[in-house]
Q: 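Have a look at this one before I ask anything.
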Amino acid sequence: MNTDTRTSCHHCGTPCDSTTFTRDGHLFCCQGCMTIYDLFRTSGNEEFYEGKAINTELDAYTFLDNYEIARKFINFSSEGVNQVSLSLPAVHCSSCVYVLENLPRVHEGIIRLSLDFGEKTASIYYDPQLISLRQLASLLDSIGYAPGFDLQDRQEEKNKMRTLALQIGIAGFCFGNIMLLSFPSYLGMNAADLDTFGAFFGYLMLLLSLPVMFYSGRDYLVSAMKSIISGHIHIDVPIALGMITLFLRSAWEIVSASGEGYLDSLSGLVFFLLLGRWFQEKAYRHLSFERDYTSYFPLAVLRKAGNGEWVSEAVQDVRVDQVLMIRNNEILPADATLLSAEAMIDYSFVTGEDQLINRTKGDFLYAGGRQIGPSIEVRVNKPCSQSYLTQLWNNPAFSQQNDTYRHLMINQVSRYFTWIILLIAVVAGIYWSWNDSSRMWEVISAVLIVACPCALALATPFTNGNTLRIFGRNHFYLRNADTAETLGSVDFVVLDKTGTLTSTRHAEITYQGEPMSNLEKQLTAAMVKHSTHPVSRKVYEFLQGHDHLSTASFTEHAGKGIEGHCGEHFIRLGSSRWIGRDEHSEGRVILEINGKIKGYFELKNALRPGLQQTLTRLASSFPIIVLSGDSERERDWLSALLPPDTEMHFNMSPFDKLNFINELQASGKKLMMVGDGLNDAGALRQSDAGIAVTEDISQFSPASDGILEGNQLINLPVFLDFSKTSQKIILASFVLSFLYNAVGISLAVGGLLTPVIAAILMPVSSISVVAFTTATGNYLAKKRKL
Amino acid sequence: MKILFLLISISILVAGGFLALFIWAVRSGQFDDTKTPSFRMLFESKSEKEQEKKINNDEENHTRG
């Protein structure tokens, strides 16, 4: 989506498409930018913050009063200081950093707040005697940064990256020094010329190569050993073989004073390999691809205690027959029976059906629904872990390791590669044992050294890593580099309907009936702005620019409609049954002003803008299948919009979707599933490449292999096409590195591989392959306007 | 030429010193977040040294305990 100047933030220029933050007619992307704007206008900072000390305790964070839950977030506490790490998904520009890091000046209880911009997390030191965790969360929420509480351990990830950085640093250090020490031999001097220096240099190099071999290169050795034990030969085996041969032969040459070894090649090899790994791993650490229902469900709910008081209870501890209170916009964590008179439940996330469902007293409610409207009371029927929804997570699809990666190109190639190399080494060894048996071991080790598939191993991470980066620039975030390769080999594209092809945000609202006067538009706008009901929000957007009046009274009747006074006018907006007209008008919202019906609003499902052409284009290269939780009545209008012969399945429950994917896979096809929401979670997980579509990447998305921003869905064919192209780039670089290997091996077999040639050949082959994949990838992406 | 033994040993030691600094920097988390400090340096700050001190002390106690 292109953003013009109208929709970019007045302060920082970040594109923004909501109109939430305006001041003096300027649009801001966030509260932070608006605050800065205000700061610039008022002279001193102190005045601004005055009167801003916020002591509210928002209901949404009641669960933090439960000590057992709060304790999980507190990383350490000592007298007067607690430290928590919270994720703040709203953080997105430099102003956010400023506003948040100056919070200690707003509230004396906050001692220090430091933000990690990339990961959108804040580490906060606070004094629990002055501010409770709940107050802290409420304070952050009230200034526009609603904190997210997930129990994910980021520390482990951080430590992994730190170790990798250390390994690279140490390998680089040793590589540089070893190169320096082996410089005399590049100039053609041998150990004899160098007198006593030869041994000195040699042992120094050997010393420097120890950390390279056993610290930096440790992972390759371990992984190769595991691979041999499990019987699946992959790329790490020939690498480790090459490393060990290089090290042993060099050590032998140095100790026996017969040469200076190949330690420069060894350390260079490890250094470049680690760089490739860094490139592959340094992706989007702030995006979460591993979420399950626990991060979707609330952490705690309000439970009625014996004395009739409401207490906060951790969701796992909810027992059968307990009475819970579910407030507006909260999610029901367990299957339950409704005790209140009426409830409006939004199941769109579970079933995919985009409709509010009206339930009355005594009805059974499934977990996962969101209550819209006033608080309700329910009695629990099943504990949280056994509810209808959570059963999905007990499906084997969630416990099994995704083993599609075994089929990756590089691992298929390296299986043959390893055996061929060993064969060549043996044949060359036999030949030399007849010809000149003293050189047999020299030749065998030379073959193993030069065949070390360094360039081969680098081709995949660099190409896929580059693809990942290019996609990320276009708001398509893949879980890891290997997914880029899986994407390039799919046979089928399975799409979810609700939320993916259509989205409530893009549903068209139309008004039918007597044309509204300007005043009537203003009256209606004044009404709907108080309601959080999705239809009201739509009507409000429809009447944008007419919000000038304020209401005298306003009442919302859950499941029926809204009514209220504005000046001397009385406005009612709601379902036809409630308004009192018995026309056949399911799904319409009737507008009544002063007892007279003006007309009705109607929500029409619509495909996302531009999607129709996209689907046509997609259908030309892949069979498309559409799965929907909606009923058959959707078929007609949908089939008119989709390419002809599109397979469509309706009334699919989350389990049906999962089974459908399973059956397709059983026929040996690779497929990509594109979906949103919890109802697709199983299918996304089971498919070879599951892509979650989301409007806002910081919000919840189910476990998946990739996250795609909703408005980028139209680019899906381009993404798939490019994935295919990058597979070709990988193949091409395989060919290139095989050529290098062919040259190297012929030299080695002929007994001509000197340390100088090895020292030149190995880095040159690695660097040229990396340069080739990156440059070609970028060029082709540019050509496709990615 | 014998002086080379000494010179090379010294140069390796000096370089090793820098390597040690690098290891310390990574371990202390200076490479964990490379983005935020670039914003932070632009803000005017009234440093609150006392509080910093308090936190540092607490952290030390924490790691020791």
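Note: hydrogens, waters and symmetry copies are ignored here, and every other heavy atom, side chains too, is used. The sequence lines fix the lettering, A, B, ..., with proteins before strands; numbering per chain opens at 1.
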Q: What are the two closest heavy atoms between Leu166(A) and Arg27(B), and how far apart are they?
A: CD1-NE, 3.9 Å
Q: Between Val26(B), Leu4(B), Ile12(B), Ile23(B), which has the largest tally of heavy atom pairs under 4.5 Å with chain A?
A: Val26(B)
Q: Given a strict heavy-atom distance threshold of 4.5 Å, which part of Phe5(B) is in contact with chain A: side chain, backbone, both, or neither?
A: both
Q: A quick test of your reading: do over 12 heavy atoms of other residues, nucleotides or ligands sit less than 6.0 Å from CZ of Phe183(A)?
A: no
Q: Mind checking whether Phe201(A) and Ile8(B) have side chains closer than 4.5 Å, heavy atoms only?
A: yes
Q: Look at Thr163(A), Asn177(A), Leu208(A), Val97(A) and state which one has the largest set of heavy-atom pairs under 4.5 Å with chain B.
A: Val97(A)
Q: Indicate the atoms forming the closest heavy-atom contact of Asp32(B) with Asp116(A), along with that distance.
A: O-OD2, 4.3 Å
Q: Check Ala165(A) against Phe22(B) and note the closest heavy-atom contact, atom names and distance.
A: O-CZ, 3.6 Å
Q: I'd like to know which of Leu181(A), Leu115(A), Leu180(A), Leu204(A) tops the heavy-atom pair count under 4.5 Å against chain B.
A: Leu115(A)
Q: Which pair of non-hydrogen atoms, one from Phe200(A) and one from Ser9(B), has the smallest distance, and what is that distance?
A: CZ-OG, 4.0 Å
